[in-house]
Amino acid sequence: MKMENYEACVGFDLCETPLSTVAQKIMSAMRSGDLMASRNEGERTKTSEVTKKPSVHFSVLAEHEKTQPLETKNPKSLINQTPRGSVELSSQPSITKLSAGQVQNSISSSGLSSYLIPQCDQEASVLQNREHKRKHFLKENIGKEDKDSLNLKRKYITCSNSPEKASKHTALGKETDGTESWQNSEDTRALGKQLCDVRYLGDLAKVQLMDVLKQAAALVVTLMYKDGSTQLSAKQALTCPVKGIVVLLKSHVGSSPLILPAHGGALGKDFTSTDHCIYIHTEQSPFWDPKQEAHSLFVRNILFWTLRCKCPVVCFNAKDFVRTVLQLYGEDGSWKHVAGFVGLDPRVAAWLIDPSDTAPSFEDLVAKHLEKSIIVKPSSTFNDASINIVSQNVCVNLKILYDLTMDLCSKLKAYGLWQLFCTLELPLIPILAVMENHKISIDKEEMERTSALLGAHLKKLEQEAHFVAGEQFLIMSNNQLREILFGKLKLHLLSQRKHLPRTGLQNQLSTSEAMLNSLQDLHPLPKIILEYRQVHKIKSTFIDGLLAYMKKGSISSTWNQTGTVTGRLSAKHPNIQGISKHPIQISRPRNFKGKEEETATISPRTLFVSSEGYTFLAADFSQIELRILAHLSGDPELLKLFQESERDDVFSTLTSQWKDIPIERVTHMDREQTKKVVYSVVYGAGYVASILGRRRPLPRICAQNQQLRAQAERQAVNFVVQGSAADLCKLAMIRIFAAVATSPTLTARLVAQIHDELLFEVEDTQIPEFAALVRRIMESLQQVQTLELQLQVPLKVNLSIGRSWGHLTPLQETLGSA
DNA sequence: CATTAGAGTATGAGG
DNA sequence: TCCTCATACTCT
C-alpha cells in the first residue's frame, strides 16, 4: 500500500500524456531538474526496497555508507531532487536566521525595510540559538563528531542515586491506580527505563537534574493523561485531562540503531545506561500546599527550559505539548517565550512524506516507517489490570519514538522535504499552539436572539412548504422531498433542461441547489426549500453549533496541521475557516413591535467581536492562487494582468475585457461568474510539487481511463496552486509571529487563518505600526531568498480593521505604509 | 421487538 | 474544478 502510494507520489511520465495548453505552460515553467528527479525516483522505487529503508545521502553519513546499500544507487537524484529542496541546512541560511536578522534590525533601528534582508551573522538572539540547535543536532545525529568522551564526564543522577528519597519514586503508581511500583521487575538497567518522579527529589537532586537536563543531547517528550495513557497510545483521541509529562533525557544522540546498525539490536542496550526518564507531575491538587508551590515552580522551570533549550526536542503531537505547558504555567504574555520552539514532530514529518495519511497513530507510524520488530506495542500490553505496564512501556516507547523521528528526518532529507519541514512546518507548531490558547469573544446574547429569530423563521417556512406540497413531510429529508418533487408533482417532466443533476452513487434525481434553482419557476416549493436550507444551515452550524462550542463567552478552534493533502491548515470545533462570510436576508415576523415586515440581515461573522481595547485586523492576499498560476504558467496575458493593472480588481478587469463593457459597469454577479470560469480553466494538468517542494500522492494515471487521468491532472494542478498558496500563507504567519514575539512593544495576537486571510487582534494604539509590519512582510513574500523563491508577479495584500469580524473596513493605504 | 451507535450519503459553508 | 468540515438523514 505505502509502496504504491510512494510510487504514485513521484509523479508520472509527462511525455506520454497529452497536455492542455495551460498545463504545457505550467510544465515549461518547471525546471528540467524537477522532471529528471521525479523520473529517477520513479525508477528507484521499482528497483529495490529503497523506499523501505532510510536512504540517507548526506556526506556526513559517509562512514556508514556500507550499511546503507541504497546510498549509491542514485546519488544525483537525491541531491538534485528539487532545485531548492534538498539543501543541507547548514549550508543555507534558513528562515529562522532571517527572522533573527529581521528582529535585530527592527529593535535596533526603526526601519522596517530590513525585513527583506537575510542576515546570517547576527548572534545572541533567541532565534539564532534555534538555528544553532538544529545544526548542532544534525552534527550529533549523524555521528560525525564523536562527543562520547565529553558525555561520559557528565554528572548525572538516577532515582536510586538520589540520596534522600530512594524509594519514593514508586509513589506515582500508588497514587494513581494503587499498583505498587513503577519499577520494571526485569532488567531495568539494560532498558534504562526507570521512571523518576521529580516530586520526590531533594533540592540537591533537583539541581543535578537541571544540570543533566541542560546537558542532554536530546529530549523526548510525551504528555501523560489521567487514565495513564500517553500521546503515544493508540486510542488517545478522547479529551482526557493531562496528568503529567514524561521526558526522556538522552545523553547520546549517536546511539540510534539507525545510525549504528551494528548496535541496533534490542534497543541499543549498550547506550541507554546513561539515559534518564523522568516523570513530571503537573496536576494541581485543590489544596494549598507550600511544598506543591515549590514543586510547581520547579516544574515550570523544567518545562519552559524544555521549550527554549538548544538540544533537539522530539514530541509526537508537539503542538499539544506546547499548548499544555502554556495552559499550565503560561501567564499572559509568556507565549512570546515559546514562539521559537522547535520540536521535531514525527507526525508532521510523516505527513510531509505521505500527506494522504492524515491521522496516523504512533503505532501506525512505527509500523510504517521502522523496520524493527522488537517494538513494544502500547496497546498490545495495555489493559485495565496492568496500567503500570504501560508506564514501564512509556520509556521504551520514547526511545522508539526517538528512533522513529530520526528515521523520518533521514527520509525527509532524502526526499528533499527537509527544508520545508524546518522552515515551514516546524515553526508553525508553537504558533498553532498559541492560537489554540487564545480565546475569541462571541456576542452570546446576540447569538441567542438570532437563534430564536431564525427558529421562528424556519417554522414559518416549514408551514409554507407543507401547504404548497399539499402534505406534511420531513423538510430536511432529501428522500421525502424527492418523492414529492418528482413522484407526486413530476416537475422533472416539466423542466426544459435535458440533463438534470443526479446523485453520485445512487444515480437518483438530485435535490441539490442547482436542481432546485432550475425548478423554481415551475412550482413554489423549490424556492421555499432553498430558503429553508440556507437559513437552517446558518442556524444549526453557525449559531447553535457555535454556541455549543462556547466556553465563558468565547471559543477557540483546534488547528490541524496534518489534516489536508494539499498542505493547507484545517480547523475544527468550530471550523472557523468555514463560517459564512456573506450575510443573508430574512423577513422578520410582522408583529415584532414597531415596524412591520422589516428585513433582518444575519451574518455569523458579525458575532465575533474583539476584546476590550483591541481591534481585529484582517490581512488577506488578493487572488493569490491566480497570481501563483500566472507565475507558474508564465502566461503573458495573465502576467500582464497582475503586473500592470494593479490598481483595479483583477476579476473586474477580466470581466470588463470579456464582456467588453467599462469596468464600472461590472456587476457583482458578472464578477462572480468570471471568477468561476477562471478557476475552472485552471485545472488541467501539472507536476506534483508546490513551489516550495511539497508533494502529494496521486492516483496512478493510466492512459486507458481518460476520466481518471483528467481527474488526476486536475488534482495535480489544484495541488500546485492551492499548496503553494498555503505555503506562502504559512510563511507569512511565521514571519509576522516571529516579528511580534521578539518585539519589546508589540502585543498583537494571531487569531485565525482562513487560507489566504490572516486575522489578528491588535491593541488599538498599535494598529498603524502593526499594519505596516504585516503589509511589509506579506508583500515581501514575493521573493524569499532563503528558499530561492522569486515570483514574477507582485503579491497584493488587503488590510481591513474593525471591532467585529463581520464589519471590517479597509485600512487606508497611507496608514498602512506610514 | 425496541433502542442505539456507526457507516455511508447528500448537501452546503469556506477558500 | 479542487479540498476542507459540519450537519442531517438513512440504513445497518
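Note that the structure is a prediction, hence the values are computed from the model and not measured. Note on naming: letters A, B, ... go to the chains in the order of the sequence lines (proteins, then strands), and numbering restarts at 1 for each one.
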Side chains of residues 542-557 of chain A: which donor-acceptor pairs under 3.5 Å do they make with residues two or more places apart or in other chains?
unit_1  : atom_1 : unit_2  : atom_2 : d
D544(A) : OD1    : S451(A) : OG     : 2.8
D544(A) : OD2    : K539(A) : NZ     : 2.8
Y549(A) : OH     : H573(A) : ND1    : 2.9
S554(A) : OG     : K551(A) : O      : 3.4
S556(A) : OG     : E436(A) : O      : 3.2
S557(A) : OG     : P574(A) : O      : 2.7

Is there a side-chain contact between [X] and the phosphate of [N], meaning an N or O under 4.0 Å from OP1 or OP2?
| X | N | result |
| --- | --- | --- |
| S512(A) | dA10(B) | no |
| T503(A) | dA10(B) | yes |
| Q534(A) | dG12(B) | no |
| S570(A) | dC5(C) | yes |

Q: Give I538(A) one of three labels, base, sugar-phosphate or nothing, depending on what nucleic acid heavy atoms sit under 4.0 Å from its own.
A: nothing

Q) When all nucleic acid strands are considered with a 4.0 Å heavy-atom cut-off, which category describes E513(A): base, sugar-phosphate, or nothing? A) sugar-phosphate

Measure [atom1]/[X] against [atom2]/[N] and give the value in whole Å, please.
| X | N | atom1 | atom2 | result |
| --- | --- | --- | --- | --- |
| Q722(A) | dT4(C) | CD | P | 7 Å |
| R502(A) | dT9(B) | CZ | C1' | 17 Å |
| N718(A) | dC2(C) | CG | P | 8 Å |
| W805(A) | dG14(B) | CH2 | P | 10 Å |
| L626(A) | dT1(C) | CG | P | 17 Å |
| L569(A) | dG14(B) | CG | P | 19 Å |
| R533(A) | dA10(B) | CZ | C1' | 9 Å |
| I584(A) | dG12(B) | CD1 | P | 14 Å |

(Q) So if I define the base as every atom that isn't primed, P, OP1 or OP2, how would nucleotides 6-12 of chain C read as a B/S/- string at a heavy-atom cutoff under 4.0 Å? (A) BSSSS--

Q. For atom NZ of K459(A), is the number of surrounding heavy atoms from other residues, nucleotides or ligands below 6.0 Å larger than 12?
A. no

Q. Are more than 12 heavy atoms from other residues, nucleotides or ligands located less than 6.0 Å from atom NZ of K439(A)?
A. yes

(Q) Whether the side chain of R568(A) and the base of dG15(B) hold a donor-acceptor pair under 3.5 Å is what I'd like checked. (A) yes

**Q.** Test ring-ring contact (aromatic ring centres under 6.0 Å, His included) applied to H466(A) - qualifying residues, sequence neighbours left out
**A.** F473(A)

Which residues pass the salt bridge (Lys or Arg N to Asp or Glu O under 4.0 Å) test with [X], sequence neighbours left out?
| X | value |
| --- | --- |
| R449(A) | E446(A) |
| E513(A) | none |
| D357(A) | K368(A) |

